S.K.: 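One structure follows; several queries about it will come next.
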Amino acid sequence: MAEDAPSKKATAPVLYGFNNTDSLSEGLASFVLAAQDEALKKQSTFKLAISGGSLPKVLGKNLIERKDVSWDKWEIFFADERVVPLDHEDSNFALNDEHLFSKVPIPRQNIHVIDTTKLDDPEAVADDYEKQLVASFVGSSSIAFPRFDLILLGIGPDGHTCSLFPGHPLLNEQDGWVAWLDDSPKPPPTRITLTYPVLNHAHRVAFVSTGEGKQEIMEKVLDHPEEGLPSSRVKVISPGRVYFFSDDAALKLVKYERTEFQSNFKL
Ligand code: 6PG
């Protein structure tokens, strides 16, 4: 099937388990670079969306030391962002800057940040961010949704991902690319987030979740997707796929079958 004509089916997620966060960081870096290589075979930039939380540290740890990275071709968006100044301690940009961007030569103009002149108007921030996506993804023909090469997500202890929280009306958003909320149960309350249709149109989505504090939620998300937690609702349309990168501590209660991560990983 042609890459730009996905079927409506989703393929079962792949679970990679690692002994510890160091080996996970190394595997994750290899996976990201395989996604980069796949993308650059067919286009001039690698389009990545990235979250906040514990992810940036785990991601940056090994990746910043890798030699085989075409940093100048990376184009970064945020899977979700808190509507705060970019140097605020709650900013996902600031967190990713600390652990990754400040340590590698990604061109600053390739990192798509929120418009901080509109912080008192989250709808305007979301609209502006959607326009940035449109400018990047829409070529000569119109598209219903963008197709990221890779979206990296975390899983909250309540099963949220991006800023898509259990029971929130945004779980049902089917039209827009970027949505906003001012009632996030996890502070800060005002945020923007990619919507499910955008997550589900990606070439691949990888969840990164580590530590014993995630044991119960990983068991729910992986072994009981029928409960419909926000993280379980990410169902990437085939030939795209969902991947989980977790450590033994987070996977203690999980029965879902693991796939061995090969050190010479290729997509
Ligand atoms: C945010 C994050 C959020 C995060 C999860 C998991 O802005 O709040 O993007 O979606 O990924 O809360 O965070 P932890 O990995 O820190 O548990």
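Below, each value reflects all heavy atoms present in this structure, side chains not excepted, and no hydrogens, waters or symmetry copies. In this text, all values refer to a predicted model and were calculated from it rather than measured experimentally. Remember, it's 1-based here, ligands and their atoms both numbered in the order they're listed.
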S.K.: Just let me know how His160 lines up against ligand 1, side chain, backbone, both or neither, with a heavy-atom cut-off below 4.0 Å.
M.R.: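 It is the side chain that touches ligand 1; the backbone stays farther off.
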
S.K.: Is the Phe265 to Phe31 ring centre distance short of 6.0 Å?
M.R.: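 Ring-ring flag for Phe265/Phe31: true, centres closer than 6.0 Å.
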
S.K.: Considering only heavy atoms, does Cys162 approach ligand 1 within less than 4.0 Å through its side chain, its backbone, both, or neither?
M.R.: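 Answer for Cys162: backbone.
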
S.K.: Under 3.5 Å between any N/O of Gly52 and any N/O of ligand 1: does that happen in this structure?
M.R.: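 N/O-N/O distance under 3.5 Å: yes.
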
S.K.: Taking only heavy atoms of Ser54 into account, list the atoms of ligand 1 that are under 4.0 Å away from them.
M.R.: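 In order of numbering, the contacting atoms are 14 (P), 15 (O), 16 (O).
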
S.K.: Would you mind running through ligand 1 and noting each atom that sits below 4.0 Å from a heavy atom of Gly154?
M.R.: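 Answer, ordered by atom number: 11 (O).
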
S.K.: Who pairs with Asn110 by side-chain contact (heavy atoms from CB on, under 4.5 Å), at least two apart in sequence or on another chain?
M.R.: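 Expected list: Ile106, Pro107.
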
S.K.: State the atoms of ligand 1, each with its element, that fall below the 4.0 Å cut-off from a heavy-atom position in Ile155.
M.R.: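 Answer for ligand 1: 6 (C), 17 (O).
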
S.K.: Among all protein heavy atoms, pick out the one at the shortest distance from atom 2 (C) of ligand 1; state its residue, atom name and that distance to 0.1 Å.
M.R.: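 Going by distance alone, atom 2 (C) of ligand 1 is nearest to Asp80 OD2, 3.5 Å.
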
S.K.: May I ask you to check if ligand 1 and Ser163 share an N or O to N or O distance below 3.5 Å?
M.R.: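 Ser163 vs ligand 1: no N/O contact under 3.5 Å.
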
S.K.: Show the atoms of ligand 1 that are less than 4.0 angstrom away from any heavy atom in Arg191.
M.R.: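 Every atom of ligand 1 under 4.0 Å from some heavy atom of Arg191: 1 (C), 7 (O), 8 (O).
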
S.K.: Answer with side chain, backbone, both or neither: which part of Asn92 has a heavy atom less than 4.0 angstrom from an atom of ligand 1?
M.R.: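 The answer is the side chain.
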
S.K.: Is the NZ or CZ atom of Lys47 both under 6.0 Å from the centre of the six-membered ring of Phe77 and within 45° of that ring's axis?
M.R.: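 No.
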
S.K.: If we only count heavy atoms from C-beta on, is the Leu194 to Phe78 side-chain gap below 4.5 Å?
M.R.: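 No, their side chains stay 4.5 Å or more apart.
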
S.K.: Taking only residues two or more places apart in sequence or in another chain, which ones pass side-chain contact (heavy atoms from CB on, under 4.5 Å) with Thr195?
M.R.: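 Residues passing side-chain contact (heavy atoms from CB on, under 4.5 Å) with Thr195: Glu173, Ala179, Pro197, Val198.
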
S.K.: Who's the nearest protein heavy-atom neighbour of atom 4 (C) of ligand 1, and how far?
M.R.: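 Going by distance alone, atom 4 (C) of ligand 1 is nearest to Lys186 NZ, 3.9 Å.
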
S.K.: Walk me through whether Arg66 and Ser30 qualify under side chain to side chain contact (heavy atoms under 4.5 Å, CB included).
M.R.: CA-CA 9 Å; Arg66 299 292 281 256; Ser30 299; 3.2 Å; yes

S.K.: When only distance counts, is Thr161 in polar contact with ligand 1, meaning an N/O pair under 3.5 Å?
M.R.: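 It does not: no N or O of Thr161 is found under 3.5 Å from an N or O of ligand 1.
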
S.K.: In terms of heavy-atom contacts, does CD of Glu226 have more than 12 from other residues, nucleotides or ligands at under 6.0 Å?
M.R.: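 Above 12, so yes.
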
S.K.: Between Tyr129 and His112, is there a donor-acceptor pair closer than 3.5 Å when you use the side chain of the first and the backbone of the second?
M.R.: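 Yes, Tyr129 side chain to His112 backbone: donor-acceptor pair under 3.5 Å.
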
S.K.: Between Lys214, Lys57, Arg82, which one has a non-hydrogen atom sitting closest to atom 8 (O) of ligand 1?
M.R.: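 Checking each option, the heavy atom nearest atom 8 (O) of ligand 1 is found in Arg82.
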
S.K.: If I apply the N/O under 3.5 Å rule, does Leu55 come out as touching ligand 1?
M.R.: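 Not met; the criterion fails.
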
S.K.: Is there a side-chain contact between Leu24 and Val208 (heavy atoms, below 4.5 Å)?
M.R.: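 Result yes, sub-4.5 Å side-chain heavy-atom pair found.
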
